[in-house]
Amino acid sequence: MAILIKPDTKVLIQGITGAFGAKHAQLSLDYGTQVVAGVTPGKGGQVFEHKGHKVPIFNTVAEAAAKTGATVSAIFVPPPFAADAILECVDAGLDLAVAITEGIPIKDMVRVKRAMQGKKTRLVGPNCPGLVCPGPGEKSHGGCRIGIAPGYINKQGHVGVVSRSGTLTYEAVYQLTTKNIGQSTTVGIGGDPVNGTSHLDVIKMFAADPDTHGIIMIGEIGGTAEVEAARWIKENCNKPVAGFIAGATAPAGRRMGHAGAIVGGAEDTAAAKIAVFKECGIEIAVTPSDLADALIRAAKAKGVPLS
Amino acid sequence: MNIHEYQAKALFEKYGVYVPKGVAAKSHAEFDSALGQLPEGKIVVKAQIHAGGRGKGAFTDGFKGGVKLCANRSEAKLIADKMLGNTLVTLQTGPAGRKVQTVYFTAADSIKKEYYLAILLDRATSRPVIVASTEGGMEIEKVAHDTPDKIHKVFIDPAYGLADYQVRELIFKLGLNAVESKNAGKLIRQLYAMFWDTDASMIEINPLITTPSDEVYPLDAKVAFDDNALYRHPEIVALRDLNEEDPKEIAASKASLSYIALDGNIACLVNGAGLAMSTMDIIKHYGGNPANFLDVGGGASKDQVVAAFKIILSDKNVKGILVNIFGGIMDCNIIASGIVEAVNEIHLTLPLVVRLEGNNSEAGKATLDASGLTITSATTMADAAQKIVSLVAA
């Protein structure tokens, strides 16, 4: 089990014919992911070929989903068209849209998020590395890789990882795998101020997933999403959790007015978030090199086996 | 992207907002003609920099105040002479301050009362929020902290836009009289239209004033735009003032690098924003001081690495460099070759610690070792940070 996706989840890729989308479609196919369709408007009927794989390309998401059974889309389309691509997934009734695209205007995301209210589709991202559900094979081959994360560093197992940042997620996963601790799912929720899935959303899923025994939560300065997740963990989740907040040394004065500070509240600094983490029983990773060890400490304290 | 007060007010006028007559001047020679366009009477001289706290700021030569009320044109000219070309330090500029390259003259107003008004994105609800307060002209963070009941907010549903009842709600809470209310309602709608149309990320007016004749208008203006949306607003891009930006940051953005200058002496070159931020943190954790934030993005090609090294080294405070790359998809050996070429090309003499992890990292480390260059290899981030800190301290 895992959250959001499984090793055999059928995936379509919007923007599969662009250089970026094509490269990562190939890497996902190499990893053993069920990439069953591509979508590029105007290129319907063509075929994306890679090492013997033949992935049909469709003009629309709805058609691709109907003909192939894909339930998840990875979105690689350029920023001016990305909001539209997300809405197309919602209209096609997909379970999950994962927006990798970086640089989508905030107003577009504000409108998209409003339009998604009450709809079935969940959005992860934008500006995110995507998700990995490791497979049973060599170097976790046979898993579901959606997005741009390196699949081979994963190992099938029982730790859930949620993070805003891509490379910090890889850092955590790599440390875990090196210590022979596998992962159930890793979820990169993205660094944009308006995103589809929050730390709290993912934490709730990890808490409910019987196959996830421990959780690493990686956050950053800005916003209060990590604080909300931490408070929920304190009340509702007894699994061992390790946390890290990046940006303790980021310069605070680099803004023009004060309005952000009154809306953001007092809990958006690294120090404030770390204090809340501690108060909520989350084991702090002192540095990024300490991510896996922090979870091991937390698991030991609760007597929970991680592997 | 930030713009100056005088540019913000010109945009306000485009959206129908009344602003007091004002003229900007970029040279001493322009002062007379600029002042000549203003009515007789009191004049406010305002230094134009992209930072708040100007009124309470001080110039590096000791002259105090980046916003000054003057009795007449000749006094305004004297004050402007002192401001232009001088460096203003405020709470938001950092100790280095900002050089004043434009001054703005405006007619002085009779103020009945000062208010606060801002429009920005609320991350928690993913909606625009309008913030208003009766406590204008002061530090709004302090007001929010000490008397949160004096901060009023309405959240705007992007599907419907700003509703009339929300405008009324704000106005009632500000306790305005009938004429003021009508004027304030118009102004709030105009500013919200501008916020939405232009992809602004923030409009902040402190203070917004009422006059004895019940007019309502902005005395100051801070406006910033969403960088991601600039591609669809060439008219906003034209307002960009490169003088307000660090030349190193401009060079970085041309090379598709994300760079922010800091005041330490250990430069870092990292792939990924989160990893870059936490690399700065870990340098500090082990007693060093980061000189910059630098994210080379997911790829880190040789050309980007060379460009990054050049930008880093243009900061004369830098005494050592830490390269921290997690090669997820990229082959670490290719990155290592890029680093070796870059170091040779720029004849680097400063201590350099490189931590390569991930795809083919062993081959990458071998390439660095075989290069004959004095590059210190590190295994973990903690190892890398400790090594560069001790090399720089030595």
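Just so it is clear: chains get the letters A, B, ... in the order the sequence lines come, proteins before strands, and each one is counted from 1. Just so it is clear, the values below take in all heavy atoms, side chains as well, and ignore hydrogens, waters and symmetry mates. As the structure is a computational prediction, the values presented were derived from the model and not from experiment.
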message = Restricting to non-hydrogen atoms, name the atom on A:Gly151 and the atom on A:Ser140 that form the minimum distance, rounded to 0.1 Å.
response = O-OG, 3.0 Å
request  = Output yes when a side-chain donor or acceptor of A:Thr224 lies under 3.5 Å from a complementary backbone atom of A:Val227, and no otherwise.
outcome  = no
remark   = In B:Asp226, B:Asp227, B:Asp199, the residue satisfying salt bridge (charged side-chain N to carboxylate O under 4.0 Å, His left out) with B:Arg232 is B:Asp199
key: Which atoms of A:Ile221 approach chain B - backbone, side chain, both or neither, heavy atom under 4.5 Å   = side chain
query = If you count heavy-atom pairs under 4.5 Å between each of A:Ala225, A:Pro79, A:Ala149, A:Pro80 and chain B, which one has the most?
reply = A:Pro80
key: Residue, of B:Pro290, B:Gly358, B:Pro128, B:Ala385, that accumulates the most heavy atom pairs under 4.5 Å with chain A   = B:Gly358
key: Which atoms of B:Asn359 approach chain A - backbone, side chain, both or neither, heavy atom under 4.5 Å   = both
remark   = The interface call for A:Ile106 against chain B, heavy-atom contacts under 4.5 Å, is both
task = Give the C-alpha distance, both sets of side-chain angles, the deciding distance and a yes or no for salt bridge (charged side-chain N to carboxylate O under 4.0 Å, His left out) between A:Lys51 and A:Asp30.
result = CA-CA 9 Å; A:Lys51 293 185 189 165; A:Asp30 291 343; 3.4 Å; yes
B:Arg54 bridged to B:Asp220 by N-O distance under 4.0 Å = yes
message = Measuring from atom OG of B:Ser201 to atom CG of B:Leu121, what distance do you get when rounded to the nearest 0.5 angstrom?
response = 9.0 Å
Residue pairs fulfilling salt bridge (charged side-chain N to carboxylate O under 4.0 Å, His left out) with at least one residue in residues 122-134 of chain A, sequence neighbours excluded = A:Arg122-A:Asp201
query = How would you list, in number order, the residues of residues 22-29 of chain A that have a heavy atom less than 4.5 Å from chain B?
reply = A:Lys23, A:His24, A:Leu27
request  = Return the option, out of B:Asp383, B:Asp157, B:Thr125, with the maximum number of heavy-atom pairs under 4.5 Å with chain A.
outcome  = B:Asp157
query = Which region of A:Gln175, side chain (C-beta onward) or backbone (N, CA, C, O), has a non-hydrogen atom less than 4.5 Å from a non-hydrogen atom of chain B, or is it both or neither?
reply = neither
message = Donor-acceptor check, side chain of B:Ser278 to backbone of A:Ala246, threshold 3.5 angstrom: yes or no?
response = no
inquiry  = Can you tell me which of A:Glu102, A:Lys113, A:Met109 forms the most heavy-atom pairs within a distance under 4.5 Å of chain B?
reply    = A:Lys113
query = Are the side chains of A:Thr287 and B:Asp281 in touch, meaning some heavy atoms are under 4.5 Å apart?
reply = no
key: Test item: B:Arg355 side-chain N/O and B:Thr379 main-chain N/O as donor-acceptor pair under 3.5 Å   = yes
ask   = Looking at A:Ala270, A:Ser165, A:Gly247, which makes the most heavy-atom pairs under 4.5 Å with chain B?
value = A:Gly247
inquiry  = Between B:Phe225 and chain A, with a heavy-atom cut-off of 4.5 Å, which part of the residue counts as in contact: side chain, backbone, both or neither?
reply    = neither
